[in-house]
Number of protein chains: 2
Amino acid sequence: MQWTKVLGLGLGAAALLGLGIILGHFAIPKKANSPAPQDLDLAILETVMGQLDAHRIRENLRELSREPHLASSPRDEDLVQLLLQRWKDPGSGLDSAEASTYEVLLSFPSQEQPNVVDVVGPTGDIIHSCHRTEENVTGEQGGPDVVQPYAAYAPSGTPQGLLVYANQGAEEDFKELQTQGIKLEGTIALTRYGGVGRGAKAVNAAKHGVAGVLVYTDPADINDGLSSPNETFPNSWYLPPSGVERGSYYEYFGDPLTPYLPAVPSSFRVDLANVSGFPPIPTQPIGFQDARDLLCNLNGTLAPATWQGALGCRYRLGPGFRPDGDFPADSQVSVSVYNRLELRNSSNVLGIIRGAVEPDRYVLYGNHRDSWVHGAVDPSSGTAVLLELSRVLGTLLKKGTWRPRRSIVFASWGAEEFGLIGSTEFTEEFFNKLQERTVAYINVDISVFANATLRVQGTPPVQSVVFSATKEIRSPGPGDLSIYDNWIRYFNRSSPVYGLVPSLGSLGAGSDYAPFIHFLGISSMDIAYTYDRSKTSARIYPTYHTAFDTFDYMDKFLDPGFSSHQAVARTAGSVILRLSDSFFLPLKVSDYSETLRSFLQAAEQDLGALLEQHSISLGPLVTAVEKFEAEASALGQRISTLQKGSPDPLQVRMLNDQLMLLERTFLNPRAFPEERYYSHVLWAPRTGSVATFPGLSNACSRARDTASGSEAWAEVQRQLSIVVTALEGAAATLRPVADL
Amino acid sequence: MQWTKVLGLGLGAAALLGLGIILGHFAIPKKANSPAPQDLDLAILETVMGQLDAHRIRENLRELSREPHLASSPRDEDLVQLLLQRWKDPGSGLDSAEASTYEVLLSFPSQEQPNVVDVVGPTGDIIHSCHRTEENVTGEQGGPDVVQPYAAYAPSGTPQGLLVYANQGAEEDFKELQTQGIKLEGTIALTRYGGVGRGAKAVNAAKHGVAGVLVYTDPADINDGLSSPNETFPNSWYLPPSGVERGSYYEYFGDPLTPYLPAVPSSFRVDLANVSGFPPIPTQPIGFQDARDLLCNLNGTLAPATWQGALGCRYRLGPGFRPDGDFPADSQVSVSVYNRLELRNSSNVLGIIRGAVEPDRYVLYGNHRDSWVHGAVDPSSGTAVLLELSRVLGTLLKKGTWRPRRSIVFASWGAEEFGLIGSTEFTEEFFNKLQERTVAYINVDISVFANATLRVQGTPPVQSVVFSATKEIRSPGPGDLSIYDNWIRYFNRSSPVYGLVPSLGSLGAGSDYAPFIHFLGISSMDIAYTYDRSKTSARIYPTYHTAFDTFDYMDKFLDPGFSSHQAVARTAGSVILRLSDSFFLPLKVSDYSETLRSFLQAAEQDLGALLEQHSISLGPLVTAVEKFEAEASALGQRISTLQKGSPDPLQVRMLNDQLMLLERTFLNPRAFPEERYYSHVLWAPRTGSVATFPGLSNACSRARDTASGSEAWAEVQRQLSIVVTALEGAAATLRPVADL
């Protein structure tokens, strides 16, 4: 062989070897470092969207709402078993599921001695009695499991006195009665739902010496004015005359005996005498037919126009009944409440899908399980969606076709109706673990209030993922709109960054998201389908918390065909998948800039002059907001640059930690020690009308009428420093991680 | 060419290509996924150990201690520049360095009106005056920059009264004087250092009506009894008769005007009238030669044996002077204090080495910079080590031979002597960021108290890394012992797990580690070389906080040759490298099990019976400790299994997060609201002798004498639940991350 050939072969060999090396290095991914799939898999997403089945949701709802399932009742326990069985199903279950039980303080009416409301004549004889139960119009309103309407946690007692009408029971309502010269001492106050919280009505009343409180739902507030039986359920979605809204009158949330501690049997419990937040006086809710008998017979001056309702008479203030009415003029009303506090076992059920790549990152999805009666709408419409979501994801999991990058945790909370108890105890028990690892909390309580449009409440970082999800899902109903395009027609705002977008509501304490956002600082959202406000002025769906909230009610009037349920399931499902499977977390922290900017502008416009008078400068707040804006957008830039390349999983993890943990930086457990659990300096309860930083706003309202140099003005400055420190700290966590 | 040849060539080519593919895939690590080095590099470690130079440390100390550098003084500012210049050096500097300045409340004696202590005769004339400055024995004790001895934060005032001797100024000391029938109202109390904290002496005295306090250092406590000039510095390491210990008498730490807020100019500041923690009455420290003149002339009954000292006379209690002494019997002592509170700028200096792989994980190393006078020992011996460590690591960095896996942050804190102010403000400003990302905090304040042995204080997870480091480093002095083997001869304990090991002390609030462990829950340690306790009973090195703490003092008496400095530098350097470069964090969380077990046993043995009497069970605590033990050892197992394989960097990151964040799970900001900054339920201050969980121990001491059912016993139960919840929560974070 000639040497040229040898050379040629040698070169060829080297080339081949080199080519091989290159192929081996670049073309074959290293197993350990590239878990498949690396990112959200659109095919899986499409499969999930396709498999979420309206009919199955309907069947879930039928089963869930078949019987009343009050917290800690036998049927509530049956549903715990139902959830466990579904989540442990070999074909469609999750990796693991378990129930965890807490011993919590609940409140129930007495079985032997029902609560009663009577009109008592001058001679002490009972002239008239209010209904003790709702009318059995569909055969579902009777039976031992339908709990008598009551005000949970209202103390027992049998006050009797002249009746007065106190509108919504707000502080200003009682003030108005006093200015009208009405002596409230020892009276019974009839109030209507709305305006202020349930417990607040009793608290305000007691401050003015009122002895007992009645609460009813006015047809003007719930039925668009309609009140006759043939205009109400089962003939329409409206509340029947005998319907009574039950509810918790406890002012805080969580188990009343174990604040900040999980209600496990061994935990320290506050002495009942030291529990705060219970209504101070006997209180009882009644239906509007009973309210009419009382209110339309009242004596005294005419109530203000804004106090009038739709009971078909002109409301007067009292005290006492008019001479020409159905009752003797000096008749009184007696309210007999026999509620009992009981320590009961209440369970959460938790189901887990283990993450393939980052099992220590949790996407939490939850709803409560307990209802007041059958609770078809509240909460079973949400639980029906929860079960369908877990079935579809569980099936893909068991088939081996999919496992999320991060862990997904499904939760069925107990005793929410009594004050978000199950979810709160859970956050108390696993505080650090959840705070360190939870990506976001998704709450779907009532999934369908009505079938007009999506409605989302949440913190700014979740806006973008909800938008991405809803743009890809067809809206139910006529036309070929996406859920997003339909949504924006009902709720929208003009964003300085994006132009016209659907508007997200902010999170109060209306459902189980409260401990997650306020106590733990976890980005949270609440998803539902709801009303066309141009079609009804109902405060909420009319049979809320009554024995008329049944499967047929939902099936006939709220969501025939369950397409709105399906729309919520698809939205929530898409959000879950995006949060659990996306390589980069779809939490857009820069969307907090708009909120901060608007809070700042409100502070400047509505408080700036006042603060200046007391030589308090908003300058440091301006600087802090600007810093946040700059750091947030710089981080956004770094992310999009990284996304263009092929980033190392550790690099992405570090960025994702910045995104996940941003919400935590707004927590300060020392900011509002008097506000139990509320530690988020942006979303704590705000008194006063200025839509700005709550600590600043509240401190200003308290200081407004005091002199400069007062403690109250010092507190304003302290609150200003607290929020500035939080924003500066938040900005610092968004900076490149190696810059201090 | 024949077809066989072609075939041969083809096969060969295929083989080569295949070989290449295999080589390429296995032999060449993927850049993005395997940053080199993946783990601690022993060669680098050896290089660092070899390059840490005793001579350079000595030269650092000479420069640092050349002039007095009281917090916020011009020389303190010069040293800020020195640090910046070193850390920005192109050849041996760090990636970045910057100074950050806070506006903090400090306390200084008046320049115009020095504090004075006089004996005033019956006619009001001054009979005798104490020295206002220390004797200028080495030429370094004079000059305008040597601050007059004073009690920082003691109020100004000029009380005058009969002198009493109150031993150490503990509560029981004043009680003893009262039982001796001595009226304390309006007296001046002479106390000696030791026993209780500085501020406590004034607080206790004021409770008993004392008008002013003097504090001195007794030769028995500091000089092993010696007191004559020829037996003391410069002739020995002992304190000269004129030496006076300065110090902060503030009861808390952090800037007094901005609790929980960074002391930036815009932060809210507490009204001076509302500041708590300052000594309530004028207080002044004096030297023992002045103390002798006062104490040896006292009248009254003989002081108890334990109150006697080494001033060469029998101490009496007073009140007033004896007739046959140097002063008229009815002479009084007047204490004139003219201290001033001043808002001053104080800077921290931060220097950063960016991590190559996990830049968002911080290994923090710090010491304060400010001294009372020259501060050669306190704190410059630590700063001299800090500078040598940063030089050696900086040089490797600039040469491109090394970059750590995680970020390393060097800190030079300001105003520590006034109450850990610089470090505390830093933790307040970056609370969330530091809590989320800091692996551990290493403090080296006084690096050499004496040259006998290593002494380490720290939380259990750092024990193993300190052991690993010290076993590999030769101990200074005779013999061929490792630092570990030498250490174990001086401080040791018998561990149920390891047998005889060196014992780590626990962390109080003596230096800048306090805010990191107590407020942020970051695993911390403090490293120094210290005494042979068989050779001296000195409370601390004798010239502590005096004008005699100079370079020559260190060079001649504490660490000639600076080999102990070098030993500390090597120990700290090895710990830094292990924490920053190890693939798996060398934090052994299972070492907390021993602590919990011992706390539990102490509770059972010393409180069990008492708790049982009040029907409080320790059962839940036992269960919680057992759970922690089980989960911690199971985690240990999983780690060693992983270490045998070739784990994915993400897997290791997840495990490391569990290790890093364990310490956080012991924080509860609502556990002891009255104890400012103290949130760690295991290391908060403990009153009472039982070495157990502080909340439980303190609550028990308060409840001990109250009836069952009292609020105090309820608090015992609450504290028990708080620690049980913390331990259960900690155990939960150690479980496999996908189990809830």
Side-chain angles (χ1 to χ4, degrees), chain A residues 9 12-13 16-25 28 30 32-33 260-262 266-268 271 350 352 354-355 357-360 407 409 429-433 436-437 619-620 646 648-650 653-654 657 661 664-665 669-670 714 717-718 720-722 724-725 728-729 732-733 737-738 740, chain B residues 9 12-13 16-25 28 30 32-33 260-262 266-268 271 350 352 354-355 357-360 407 409 429-433 436-437 619-620 646 648-650 653-654 657 661 664-665 669-670 714 717-718 720-722 724-725 728-729 732-733 737-738 740:
Chain A
L9 287 174
L16 283 167
L17 181 64
L19 172 65
I21 291 174
I22 289 157
L23 280 173
H25 181 57
I28 304 179
K30 301 242 163 178
N33 302 321
Y260 299 119
L261 294 168
S266 74
S267 275
F268 166 67
D271 188 305
L350 296 166
I352 298 170
R354 199 177 59 256
V357 185
E358 296 180 273
D360 68 339
S407 296
V409 180
E429 182 166 13
F430 298 107
F431 185 89
N432 291 86
K433 183 170 177 162
E436 291 165 6
R437 303 177 188 171
S646 61
D648 174 293
L650 259 182
R653 165 88 171 197
M654 290 186 273
D657 280 358
L661 293 172
R664 308 304 182 274
T665 64
R670 295 170 179 93
Q717 290 193 292
R718 195 182 76 95
L720 191 58
S721 291
I722 283 171
V724 166
T725 304
E728 291 270 352
T733 65
V737 294
L740 257 182
Chain B
L9 286 175
L16 282 167
L17 181 64
L19 172 65
I21 290 175
I22 289 158
L23 280 174
H25 181 56
I28 304 180
K30 301 243 166 179
N33 303 321
Y260 299 120
L261 294 169
S266 74
S267 275
F268 166 68
D271 188 303
L350 295 166
I352 297 171
R354 201 177 58 256
V357 185
E358 296 181 274
D360 68 340
S407 295
V409 180
E429 183 167 13
F430 298 108
F431 185 90
N432 291 87
K433 183 168 176 164
E436 290 165 7
R437 303 176 187 170
S646 63
D648 173 293
L650 258 183
R653 165 88 171 197
M654 290 187 273
D657 281 357
L661 293 172
R664 307 304 183 274
T665 64
R670 295 170 179 94
Q717 290 193 292
R718 195 181 77 95
L720 191 58
S721 291
I722 283 171
V724 166
T725 304
E728 292 270 352
T733 65
V737 293
L740 257 183

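So that the names make sense, note that chain A is the first sequence line, chain B the second, and so on, each numbered from 1.
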Can you tell which part of [X] gets under 4.5 Å to a heavy atom of chain A, answering side chain, backbone, both or neither?
X	answer
B/Arg718	both
B/Ser407	side chain
B/Glu728	neither

Original post:
Any side-chain heavy atom of A/Arg653 within less than 4.5 Å of one from B/Asp657?
Top reply: yes
**OP:** Evaluate the side-chain proximity of A/Leu661 to B/Asn432: yes if any heavy-atom separation is below 4.5 Å, no if none is.
**Re:** no
Interchain contact, [X] with chain B, by part (heavy-atom threshold 4.5 Å):
X	answer
A/Leu720	neither
A/Phe431	neither
A/Ile352	side chain
A/Ser267	both

Original post:
Between CG of A/Asp360 and CG of B/Leu650, what distance do you get to the nearest 0.5 Å?
Top reply: 8.5 Å
Original post:
Roughly how far, to the nearest 0.5 Å, is CG of A/Leu261 from CZ of B/Arg670?
Top reply: 11.0 Å
I need the minimum non-hydrogen distance between [X] and [Y], along with the two atoms involved.
X	Y	answer
B/Arg354	A/Ala738	CG-CB, 3.1 Å
B/Ala732	A/Lys433	O-NZ, 2.8 Å
A/Ser721	B/Phe268	OG-N, 2.6 Å
A/Met654	B/Pro359	SD-CD, 3.5 Å

**OP:** Please determine, among A/Thr725, A/Thr665, A/Asp271, the option with the most heavy-atom pairs under 4.5 Å with chain B.
**Re:** A/Thr665
